[in-house]
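Remember, it's a predicted structure, so these values are computed and weren't measured experimentally. All heavy atoms count here, side chains included; hydrogens, waters and symmetry mates do not.
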Amino acid sequence: MNPKETKIAFIGLGLMGVPMAHNLLKAGYLVKGFDLNPNVGEKFSDVSGFQLASSPTEAIDGSDVTILMLPDSSIIDAMLWGANGKPGIAGNLKAASYLVDMSSSSPISSRENNQKLTAMGIHFVDAPVSGGVKKAIDGSLAIIVGGQKSDFDICLPLLEKMGKSIVYVGDAGAAHAVKALNNYVSAAGLIAASEALNAAQKFGLDPHVVNKVFNASTGRNNSTENKVENFMLNETFNSGFSLALMRKDLQIALGFIESMSCYSSLAKQCVLTAQAADEQLGKGADHTAVYGFVKSKS
Ligand code: NAD
């Protein structure tokens, strides 16, 4: 995908979408963007090649690749197929173009979308990301990719502008499954660390020292290494990944595990904890604030 000859539509310009689109623009791609936030164009005043569309249909007009970076599958399904009497954009996608869903979506919905889009002659690729806003800014996201291997090969040069570790995992929906499972394992680690550190503190221990021990021992995980000191014990709770998105990811993972008829006791408990924390802390809470929620309960 030569930047000079590839027109990109980028739908969903939030915390992650803005820096990802920036990296495509810096690489020379032409990007037409759309977001429900009408002021998002201001975030692109410092780069050339960006055009703000006033609707998703305008954004995808003539696009070779449509990238979605939206909150969840219900929004994506409504965007593609329509909802509440509003038509979807799927029928307007350019023939033989690529639809790359980089959101953390449901693997079940992605498989269905792949079937319907393939029947229409559109190439579907699921390419969710891991790494957060910081890595989106410096173009070093981990990107997991599913879909036809030949479509992956074609999209790879474009994905390389946004990520460093790019791993092909299998057919359409496979990447969204791996992403949801990864985020379940990660959230379970966060919840476990929150509960353990809170209990340690109640026992009179210094949680900084306890976390140091975890990091030198087998209790070490991504939260103990990167989140406990930076966002949790100092109670800044500002990692840039919302609790609402963590709750959504856990619900996707639980739904996926259950749809495979597999044992899901811990996943169920993680969903209940994320749900209770999200309801208590409200809109805008960061996922690291689960530690504050745990503290408030004892
Ligand atoms: P965000 O809430 O900051 O951005 C989502 C954007 O989508 C918003 O700007 C919103 O206005 C827009 N939007 C919602 N509905 C829309 C619609 N119908 N049409 C057009 N725009 C619409 O979320 P984010 O943090 O950028 O996350 C996006 C996706 O990436 C999610 O699926 C999330 O799970 C995933 N993700 C986020 C992170 C992170 O650290 N924030 C990391 C990895 C993956």
Side-chain angles (χ1 to χ4, degrees), residues 104 128-136 138 140-144 163-165 167 169 175-258 260 262-281 285-298:
S104 302
V129 308
S130 187
V133 175
K134 201 165 154 273
K135 292 195 172 187
D138 63 24
S140 66
L141 290 165
I143 306 181
I144 315 161
K164 273 225 172 84
S165 153
V167 182
V169 290
H176 280 148
V178 174
K179 169 68 185 167
L181 294 173
N182 171 75
N183 282 26
Y184 158 47
V185 173
S186 174
L190 175 89
I191 295 168
S194 298
E195 293 181 356
L197 291 170
N198 184 45
Q201 214 167 358
K202 286 241 149 173
F203 193 63
L205 299 170
D206 179 345
H208 299 276
V209 174
V210 176
N211 195 55
K212 243 187 210 159
V213 175
F214 289 166
N215 283 335
S217 315
T218 50
R220 178 176 73 246
N221 65 36
N222 180 50
S223 290
T224 65
E225 286 187 322
N226 299 313
K227 299 177 188 173
V228 167
E229 285 297 341
N230 291 331
F231 311 113
M232 291 159 66
L233 293 181
N234 62 13
E235 304 199 355
T236 53
F237 306 137
N238 61 353
S239 76
F241 180 62
S242 73
L243 175 56
L245 287 178
M246 184 180 102
R247 174 183 176 180
K248 176 224 25 173
D249 289 338
L250 281 166
Q251 277 163 334
I252 294 174
L254 175 60
F256 176 75
I257 293 170
E258 285 179 341
M260 296 296 110
C262 292
Y263 188 72
S264 60
S265 147
L266 181 57
K268 272 191 199 108
Q269 194 50 52
C270 288
V271 166
L272 289 176
T273 301
Q275 208 169 305
D278 192 25
E279 275 155 22
Q280 177 170 307
L281 300 175
D286 192 82
H287 77 298
T288 53
V290 162
Y291 177 61
F293 166 77
V294 166
K295 277 182 82 174
S296 77
K297 289 289 168 198
S298 40

(message) Whether the side chain of K227 engages the backbone of H287 through a donor-acceptor N/O pair (distance < 3.5 Å, no angle test) should be reported.
(response) no
(message) Can you list everything that forms a side-chain contact (heavy atoms from CB on, under 4.5 Å) with A244? Sequence neighbours excluded, please.
(response) S242, D278
(request) Please report the closest heavy-atom contact between I252 and S104, naming both atoms and the distance. (result) CD1-O, 3.6 Å
(message) Under the criterion side chain to side chain contact (heavy atoms under 4.5 Å, CB included), I'd like the reasoning laid out for N182 against S130: C-alpha separation, chi angles, the key distance, then a yes or no.
(response) CA-CA 9 Å; N182 171 75; S130 187; 4.1 Å; yes
(message) Keeping S217 on the side-chain end and V213 on the backbone end, is there a donor-acceptor pair under 3.5 Å?
(response) yes
(message) I need the M232 CE to L197 CG distance, nearest 0.5 Å.
(response) 6.5 Å
(request) Taking all non-hydrogen atoms of both residues into account, name the closest pair between I257 and S264 and its distance. (result) CG2-CB, 3.7 Å
(message) I need the Q201 CD to H208 NE2 distance, nearest 0.5 Å.
(response) 8.0 Å
(request) Answer yes or no: is there a side-chain heavy-atom contact under 4.5 Å between R247 and E279? (result) yes
(request) Flag yes if more than 12 heavy atoms outside K135 fall under 6.0 Å of its NZ atom; otherwise flag no. (result) no
(request) Determine the minimum heavy-atom distance between P207 and L233, stating which atoms define it. (result) CB-CD2, 3.8 Å
(request) Can you sort out the partners of F231 under ring pair (Phe, Tyr, Trp, His ring centres under 6.0 Å), two or more places apart, ordered by chain and number? (result) none
(message) Please check: side-chain N/O of D286 versus main-chain N/O of G240, any donor-acceptor pairing under 3.5 Å?
(response) yes
(message) Nearest 0.5 angstrom please: I144 CD1 to L181 CG, how far?
(response) 9.5 Å
(request) Calculate, to the nearest 0.5 Å, the distance between atoms OG1 and CG belonging to T224 and N211 respectively. (result) 5.5 Å
(request) Work out which heavy atom in E229 is nearest to a heavy atom in N234; give both atom names and the distance. (result) O-ND2, 3.4 Å
(message) Are the side chains of D249 and F241 in contact, using a 4.5 Å heavy-atom criterion?
(response) yes
(request) Check A267 against Y184 and note the closest heavy-atom contact, atom names and distance. (result) N-OH, 3.2 Å
(message) Let me confirm one number: the NZ-CG distance from K164 to D138, rounded to the nearest 0.5 Å.
(response) 6.0 Å
(request) May I ask you to decide if N183's main-chain N or O and S186's side chain share a donor-acceptor pair within less than 3.5 Å? (result) no
(message) Quick one, Q269 and I191 - any side-chain contact, counting heavy atoms below 4.5 Å?
(response) no
(request) Please check if the side chain of Y291 supplies one atom and the backbone of V228 the other of a donor-acceptor pair under 3.5 Å. (result) no
(message) With rounding to the nearest 0.5 angstrom, report the NZ to CZ distance, K212 to R220.
(response) 16.0 Å
(request) Heavy atoms only: give me the nearest A188-L266 pair and the separation to one decimal. (result) CB-CD2, 4.3 Å
(message) Are the side chains of S298 and N198 in contact, using a 4.5 Å heavy-atom criterion?
(response) yes
